[in-house]
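One structure is given here, and the rest of the page talks about it.
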Number of protein chains: 2
Amino acid sequence: MVSLKDIASQCGVSVATVSKALNDHSDIGADTKERIREKAKELGYVPNAAAKSMKTNRTHNIGVLFMDDAMSGLQHDFFAGLLESFKRSVEREGYDITFISNDRSTPGRTSYLNHARYRRFDGVIIANVHFDDPEVVELVKSDIPVVTVDHIYNDTITILSDNVDGMNKLVDYAISMGHRKIAYIHGVDSSVTKARMTTFYKKMEEYGITVPSEYIVESPYRDTHGAYEQTLKLLELEDRPTCIFYPDDYASYGGLRAIAEKGLKVPDDISIVGFDGIRVARHIRPRLTTYRQNVDELGVLAARNLIDLIEKPKTTLVQQIMVKGKLLEGDTLKKLN
Amino acid sequence: MVSLKDIASQCGVSVATVSKALNDHSDIGADTKERIREKAKELGYVPNAAAKSMKTNRTHNIGVLFMDDAMSGLQHDFFAGLLESFKRSVEREGYDITFISNDRSTPGRTSYLNHARYRRFDGVIIANVHFDDPEVVELVKSDIPVVTVDHIYNDTITILSDNVDGMNKLVDYAISMGHRKIAYIHGVDSSVTKARMTTFYKKMEEYGITVPSEYIVESPYRDTHGAYEQTLKLLELEDRPTCIFYPDDYASYGGLRAIAEKGLKVPDDISIVGFDGIRVARHIRPRLTTYRQNVDELGVLAARNLIDLIEKPKTTLVQQIMVKGKLLEGDTLKKLN
DNA sequence: TTTAAGAACTTAAACGTTTTCGCAAGAATT
DNA sequence: AATTCTTGCGAAAACGTTTAAGTTCTTAAA
C-alpha cells in the first residue's frame, strides 16, 4: 500500500507537506499541492483510516446495535427499513456503519460497550433491542454519543414512531366506519405496544365505549401463531367483535388464517386492523388496513441527530422526536350499515 | 481511554511487557501476567483496534457490498437472510462487518475498491449487485480476498444457490401433479434467472413437452406489477395454461391478484409456483408452492470460505459451491384429474 | 535600511500497538 | 569453575497519519 511517505519521497518534499496538500491546508503552495495530488493519483494512494483515526480520534464509523433473536433480526421489515434509511443518510455524510455483534453466546465475547470502544465508534444507534438489558443500559450511559429509536432514556436523543398518533387514527377510523365492538390483541413484551394499548383504552373511553375484558387478549409481538389462536378464541365469543386490532401486520396474517378456517370472510363477516405497514403487505390481497410507520423519516432523523451530536455536541439538544406515520385504509375493514 | 502505557506505568513494567502479557506470550512470568491482567481489568482497558491493525495489517473487519436500489436493498428477504447468517458466522470468529457504501450519487464518493482499501477490510463479500459493473469487477480483480454469492467470476470463490436444482424440482413436481401446460414468467435482468429459464426449457424437453412461445413471457425480477400484467395476458390466451411459474415469490403475489380479479381461484382454476421461499410467505394463506433457497447455509459457507481465504490463503482453493434448497409444496398447485 | 509580516515549507512528536532483538541473571550442563 | 541454556523482561523501531512549532526565504512596511 502506498503511503504519504512514498509520495513525499517521490515529490521531494516532507511527509507533512504531503498530508497538508492532500487535506488542502492553506500553507502549501498551489503548484506544490497540484504536484502532490497528481502524484497521489498516479500512485493510487488511498488514506489509511486506522492511522487517521489514531491522530484525530474520529473513526467516521457508527456502531449499530439491534436484536437478532427469533423474528427480530435484519429480516424484521421495520428494522430493515430503518437501517437502510439510516445507512443511506450517514453515508452521505462520510460515515460508515458497523454492527455491534450481539451473539451473546460466543465465548470470549465482549460487552456492547467494549465492542464500541474497541472499534472507537464515533457514535451508536440503538434500535429494536431489549432496552432494559444491563449491557444496553451501560452503553447508553457511557460517554459515546447515542441515539435510540422507539425507546426513551433520560439524557439520550430518541427518535420515536408516533404510536399514539397511530392508534388514535386507527380507532378514529374504525369508529367512523361504524364499529363499536372492537377487540384488541395486545403484543406483549415491548414498550411500544404498551403505549398503543393505553391509547386504545383512552380513545375508546373518549368515544364512550367500554371494552369488555374478554375483548382484550394478549399474544407475543410478531407472532402469527399466537394471533391465530387468540383470534379463534375471540371468534368463539357469544358476542363476537366486529373488528379485531392486531399488534402488528404479521400477527394479523395469523388472524386472517383463523378467520378463514372458521369459514368467515374479511371484511364482510369481520374486520381486521394491523400495525406497521410492512412492505410486502402492499403486494398481498386483501390489502391490510393498518398504520404505516414512517421508517424512512425515522432513519433520516436518527442519522441527522446522531451526526450533530458527534460533530457539535455543545449545540445539539437532547430531545425526543416524534415521527408520524400514515393510515392505510386497505380492504380489511368494512363500513357497517 | 486507558492505554497499554497507563497499565505499564502503574505496574512498573514496560509497555512491551504489558502487550505481551495481555496477548499471552510465553516470555512473560506467570505472576507478572496475572498482575498486569488484574490491572488491565481494574482500569477498564480496551484495546484500540486501529492501533492494532496498523501493526498487524489485519482489521478483523469485513466489507459487505450489495445493491441498494429500488426493491433490492436490505429489505430484500433473500439478502437480509443471507446477511444475517453471514454476520452471525463471521462474528463467531471475531470479525465485524461494515457496509461498503453504494450510493453512487454522493459527491466526492470513492470507488468500492478504494472504500475497501481505506478501511483496510480483511475481505469482502459481494452479493446482489450488478456483477458487470466496472467498479465491482475492479474490486473482484483486486488483491483483496473476495467471496461472491450467486455469481461466478474466474479465480473467485463463489457460493451459489442451486437454481438448477430448484427449477428441476419445481418442474418435476408440477409434472408429477399432472400439469402439462405450464407458463413461465422469466425474471429479466439477473444472471440467476437465466439459469432457471434454461433449466426450465431443458427439463420440459426431457418430458417431451414443447412449450408454446406464448407461454413464455418476461417481467422484471421482484416486480409484482409486471407479474400482474403478464398474468392477465396469460389468462386471456385461448389455450390457457394450468400452471404459471413466477420468477420469485413477490412476483407471484402480483399473479395472485390478477387471477383473483379475473374471478378465478388458486389452485382450483389455475396453479401457481413461486421461487425463493421468502419468510413472510409462511404466514400468508394460501401457502405458496415454491422453492426455498437455503440462505442460512449460503451465509455460513460464504463466511467459512472467506475467513479461510483470509487466514490461510495458500491452502484455500478457489471453488464454486452449490447449495441446494427445498421444495415447499404449499397450497397453490393442484393435482389435475 | 531595518524590521515586521507573510508564504511555504520542515521537524518532530504523538496516537496505541506489536515485535525483533538485546540483555541480565539464574539454572543447568560440562 | 567455566560454559551454555533458559527465563523474564526492556529498548526501540515501526505502522501511517496529523499538527504544533519552528525555519527559511521573500516581500512589504517603517
Side-chain angles (χ1 to χ4, degrees), chain A residues 1-37 39-40 43-61 94 110 114-122, chain B residues 1-40 43-61 94 110 114-122 311:
Chain A
M1 291 267 75
V2 18
S3 68
L4 292 185
K5 210 198 289 187
D6 303 313
I7 303 176
S9 70
Q10 290 210 30
C11 284
V13 295
S14 74
V15 171
T17 305
V18 177
S19 171
K20 290 194 216 166
L22 295 178
N23 289 311
D24 206 21
H25 285 208
S26 59
D27 61 346
I28 303 293
D31 42 347
T32 321
K33 267 185 193 170
E34 195 46 45
R35 196 159 43 94
I36 289 173
R37 285 177 182 160
K39 185 59 82 177
L43 298 180
Y45 169 74
V46 181
N48 183 325
K52 189 175 286 199
S53 85
M54 291 208 53
K55 288 304 295 180
T56 59
N57 278 320
R58 293 284 311 281
T59 56
H60 282 275
N61 199 6
T110 176
N114 279 349
H115 191 168
R117 286 207 197 292
Y118 173 65
R119 291 283 178 200
R120 299 296 195 267
F121 294 133
D122 289 340
Chain B
M1 291 265 76
V2 19
S3 69
L4 292 185
K5 211 197 290 186
D6 304 314
I7 303 177
S9 70
Q10 291 210 28
C11 284
V13 295
S14 74
V15 171
T17 304
V18 177
S19 172
K20 291 192 220 169
L22 295 177
N23 290 309
D24 205 20
H25 284 209
S26 58
D27 60 346
I28 303 294
D31 41 348
T32 321
K33 267 185 193 171
E34 197 45 45
R35 195 159 44 93
I36 288 172
R37 286 179 181 158
E38 289 279 302
K39 184 59 81 177
L43 298 181
Y45 168 74
V46 180
N48 182 327
K52 189 175 286 201
S53 87
M54 291 210 52
K55 289 303 295 180
T56 59
N57 277 320
R58 293 284 310 282
T59 56
H60 283 272
N61 198 6
T110 176
N114 279 348
H115 191 169
R117 286 206 197 292
Y118 173 64
R119 291 282 178 201
R120 298 297 194 268
F121 295 133
D122 289 340
E311 297 184 351

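Chain naming here is simple, since letters A, B, ... match the order of the sequence lines and numbering starts at 1 in each.
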Next item on the list: Indicate, yes or no, whether a donor-acceptor pair under 3.5 Å links the base of C:dT10 to the side chain of A:Lys20.
Entry: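 A donor-acceptor contact between them is present.
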Check: Passes side chain to side chain contact (heavy atoms under 4.5 Å, CB included), B:Tyr118 versus B:Thr110? Steps please.
Finding: CA-CA 9 Å; B:Tyr118 173 64; B:Thr110 176; over 6 Å; no
Distance check: side-chain N/O of [X] vs OP1/OP2 of [N], anything under 4.0 Å?
X	N	answer
A:Thr17	C:dT10	yes
A:Asn48	D:dC15	no
A:Asn57	C:dC15	no
A:Thr32	C:dC9	yes

Notebook entry, point to check: Does a side-chain heavy-atom distance below 4.5 Å link A:Met1 with A:Asn48?
Noted result: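 A side-chain contact is absent here, since even the closest heavy-atom pair is not under 4.5 Å.
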Looking only at heavy atoms, what is the nearest atom pair of [X] and [Y], with distance?
X	Y	value
A:Asp122	A:His60	OD2-N, 2.5 Å
B:Ala49	A:Arg119	CB-NH1, 4.1 Å
A:Lys5	A:Val15	CA-CG2, 3.9 Å

Gap between atoms [atom1] and [atom2], on [X] and [N] respectively (whole Å):
X	N	atom1	atom2	answer
A:Lys55	D:dC15	NZ	P	16 Å
A:Arg35	C:dA8	CZ	P	13 Å
B:Lys5	C:dT18	NZ	P	15 Å

Next item on the list: Name the residue closer to the 5' end of DNA chain D, choosing between A:Tyr45 and B:Ser26 according to the nucleotide with the nearest heavy atom.
Entry: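 Comparing both residues, the 5'-ward one is B:Ser26.
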Check: Between B:Arg120 and B:Val13, who's closer to the 5' end of DNA chain D by nearest nucleotide?
Finding: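 Looking at the nearest nucleotide for each, B:Val13 comes out on the 5' side.
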Just compare [options] and give me whichever is closest to any side-chain atom of [X].
X	options	answer
A:Ser3	D:dT18, D:dG16, D:dA13	D:dG16
B:Ile28	C:dT11, C:dT17, D:dC9	D:dC9
B:Ala16	C:dC15, C:dG16, D:dA12	D:dA12
A:Ser14	D:dT18, D:dA11, C:dT11	C:dT11

Next item on the list: Select from A:Asp31 and A:Met54 the residue whose nearest nucleotide in DNA chain C is closer to the 5' end of that strand.
Entry: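 Looking at DNA chain C, the more 5' nearest nucleotide goes with A:Asp31.
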